[in-house]
Amino acid sequence: MEGDAIDDLVDSNATAPLIRNNSINRISQSERNAPSGVSPIVHEDDEAITIRRPLQYRSILRPNNSESELRGTYHRYRYYSRLDPQSYSSLMMPNHIVPPEFYLVIPIKPDEGTQSSIITIFSIWNTMMGTSLLSMPWALEQAGFGTGIGLIVLMGILTLYTAIRVLNSPKHIAEGSTPLEEFSDVCGHYLGRVGNYGSIAFSLVALLGAAIVYWVLMANFLFHTGQFIHDKVTHEFNATDPHPIGNSTNLDVYCPSWDHSVHPEHVDLLSEYWLLQNGPQDAESTFSVVWQQTLTVPFFLLLFIVPLINFKSPTFFTKFNALGTISVLYIISFIAYKASQWGWNMDFKTDVPSLVIPEFKWTFPALTGTLSLAFFIHNCVLSITRNQKNPQHNNRDVSIAYFCVAFTYLFIGVTFYTCFPLPKDCIEDNLLNNFRSSDALAFAARVFLFFQMITVFPLLMYIFRAQVLSVLFNNVYPGLIHVLVVNVAILTLCLLFAIFMPSIGTIIRFAGALCGAAYIFALPCIVFMMSKHRVGLLNAPIVITHVVIILIGVLNFIGQFLIM
């Protein structure tokens with residue numbers, strides 16, 4: 001199994017973000033006399049001169065090699081790696097952590113140079129369509145209707161620009177240098193070890209934030225799924241469920257945030273409706289005590305997750321990547337259907353304060369923080385485009401993908417916001433929380449998303465764990481104890497957030513703003529300016545433009561603390 005895992009990792013020849021093993025190869029006398037155009041990275045030690053050679057090493061020395069010869073060399077390296085799998089062996093290939101097919105919309109591993117533009121576009125779209133989708137209506141409400149639409153467009157353009165800077169960053173490396181395949185390597189080339197490890201650290205922040213949000217959502221979906229099944233079996237309506245309001249056509253929506261201090265008139269209506277439908281409740285049922293969303297269900301979730309996260313190779317879970325695309329399509333269809341039932345619910349002339357549609361709100365940083373994670377593809381854009389059949393189209397394909405992502409966010413956010421039949425401040429940071437547990441379509445959405453996240457969460461755990469262990473031990477799987485320690489630490493964090501702060505909107509905006517400040521706004525701009533400086537093309541307009549972009553990222557992060 002370990003050999004298969006190594007094969008899977010080496011077969012990929014790519015990952016995002018990349019951490020290479022410090023596997024080394026001895027330099028022969030003939031290699032020391034290699035052509036002057038070759039500049040391998042050489043390290044001195046007490047025994048001998050050593051070098052780390054990537055797969056492309058031979059093609060650099062002998063650029064006229066045929067594809068079949070290079071492929072043969074590659075397979076010989078794999079065979080020798082199996083025979084002598086020691087980290088110091090001269091036969092060892094550099095290990096890459098995560099294969100690029102993790103990001104594909106179909107479970108197919110393309111050979112080098114065979115991935116079409118359409119697969120590239122939808123792989124990027126599929127990767128970015130994460131948990132932020134469920135928070136988009138809430139984030140739009142936090143910014144105000146008009147301001148929110150404008151910010152989605154502007155943040156899409158800005159993050160696209162920096163993503164293209166990341167995509168083109170390896171091209172600025174001088175010809176003859178060691179090939180750099182990941183942005184963390186590029187940062188290391190320009191900024192040294194601080195840049196390399198800094199880019200990795202902020203990428204880990206994004207992964208950890210995503211893992212925490214996934215745990216909170218899975219606990220939420222599991223709770224409502226269990227509630228739905230319980231209600232159907234017992235024909236009871238749980239007293240802990242948010243109370244429905246309105247006429248018969250709107251009984252599928254809720255306003256969980258309403259309370260006596262904010263909307264006492266609505267609470268009276270809710271109380272009357274509740275007593276009319278259910279009568280007085282003397283005590284909580286045993287089920288409602290055992291099955292609590294923030295106290296017990298996060299622990300029940302461990303029964304599903306723990307058996308899946310201690311594997312050496314996560315290849316099996318990559319086969320379920322298509323579930324992500326299907327989930328997004330279902331959410332889009334679900335929102336479109338509900339909106340058609342609700343109709344248009346926007347009144348800009350009303351005198352009722354709770355029904356006013358604001359065009360601008362000072363809490364708009366909640367949207368920009370959310371969008372920082374929603375448009376975050378920078379740590380894997382190089383991996384997704386590596387096998388592109390026509391690499392000259394990469395900029396175009398990434399731009400098309402960003403347009404599709406922005407359109408999807410706008411459709412979900414604007415459609416739900418404009419048609420939602422209750423006051424807009426009722427919109428939850430997880431839009432499914434505005435639907436009753438007994439709503440059949442919402443139940444289907446929760447079940448589908450739950451099983452999709454069950455397959456994605458182990459991948460997030462693996463990517464996070466592999467990067468941490470590679471940095472610390474130069475080994476993706478140094479031992480079961482090491483893996484267990486990292487897994488327990490991550491799961492503990494997830495449980496704490498699910499119990500004490502199960503607000504995915506807050507988690508997404510802080511994680512997005514923090515990693516975005518570095519990985520989206522700062523590092524791509526700094527690397528680009530340094531590359532221009534080295535060739536003597538850096539000028540005042542370039543400096544001013546990119547310093548402004550960096551300041552936007554910093555202010556975006558600071559703004560998250562101003563709307564607590």
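Since the structure is predicted, the reported quantities are computational estimates derived from the model, not experimental observations.
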Query - Carboxylate-amine/guanidinium contact Lys338 Asp439, below 4.0 Å - result: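 Asp439 and Lys338: salt-bridged.
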Query raised in the report: Given the rule in the ring-ring contact (aromatic ring centres under 6.0 Å, His included) test, do Phe435 and Phe334 qualify, once you have shown the distances and angles that lead to the verdict?
Result: CA-CA 12 Å; Phe435 296 92; Phe334 171 73; 5.1 Å; yes
Using side-chain heavy atoms (C-beta onward) and a distance below 4.5 Å, is [X] in contact with [Y]?
| X | Y | value |
| --- | --- | --- |
| Met136 | Leu431 | no |
| Phe287 | Thr234 | no |
| Thr418 | Trp344 | yes |
| Tyr417 | Met346 | yes |

Query raised in the report: Testing Ile212, Ile504, Thr506 for side-chain contact (heavy atoms from CB on, under 4.5 Å) with Phe497, which one passes?
Result: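 The single option meeting the side-chain contact (heavy atoms from CB on, under 4.5 Å) with Phe497 is Ile212.
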Do [X] side-chain atoms and [Y] backbone N/O form a donor-acceptor pair below 3.5 Å?
| X | Y | value |
| --- | --- | --- |
| His378 | Thr159 | yes |
| Asn434 | Val253 | no |
| Thr162 | Ile520 | yes |
| Thr455 | Gln452 | yes |
| Ser399 | Asn395 | yes |
| Arg509 | Pro365 | no |

Query - Residues forming a ring pair (Phe, Tyr, Trp, His ring centres under 6.0 Å) with Phe521, sequence neighbours excluded - result: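 Partners of Phe521 under the ring pair (Phe, Tyr, Trp, His ring centres under 6.0 Å) test: none.
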Report task. Output all residues satisfying ring pair (Phe, Tyr, Trp, His ring centres under 6.0 Å) with Phe561, sequence neighbours left out; order by chain, then residue number. Result ->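 Checked Phe561 against ring pair (Phe, Tyr, Trp, His ring centres under 6.0 Å); matches are Phe510, Phe557.
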Query raised in the report: Which pair of heavy atoms, one from Ile563 and one from Ala366, lies closest together, and at what distance?
Result: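 Ile563 and Ala366 have their closest heavy atoms at CD1-N, 3.4 Å.
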Query raised in the report: Nearest 0.5 Å, what's the CG-CD1 distance between Leu140 and Ile152?
Result: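 Reported value, rounded in 0.5 Å steps: 5.5 Å.
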Query - Evaluation steps, side chain to side chain contact (heavy atoms under 4.5 Å, CB included), between Met129 and Thr325 - result: CA-CA 8 Å; Met129 285 291 103; Thr325 302; over 6 Å; no
Query - Centroid separation Phe443 to Phe228 less than 6.0 Å - result: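 Yes, they do, as the ring centres are separated by less than 6.0 Å.
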Query raised in the report: Centroid-to-centroid, Phe416 to Trp342, below 6.0 Å?
Result: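 Centroid distance Phe416-Trp342: below 6.0 Å, so yes.
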**Report entry** Audit row: Ile499, Phe299, side chain to side chain contact (heavy atoms under 4.5 Å, CB included) steps and yes/no
**Finding:** CA-CA 10 Å; Ile499 294 171; Phe299 291 95; 3.5 Å; yes
Over 60° means perpendicular and under 30° means parallel, so tell me whether [X] and [Y] are parallel, tilted or perpendicular.
| X | Y | value |
| --- | --- | --- |
| Phe376 | Tyr519 | perpendicular |
| Phe122 | Trp125 | perpendicular |
| Phe223 | Trp291 | parallel |

Query - Among Phe304, Phe457, Phe221, ring pair (Phe, Tyr, Trp, His ring centres under 6.0 Å) partner for Phe450 - result: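 Exactly one candidate clears the test, Phe304.
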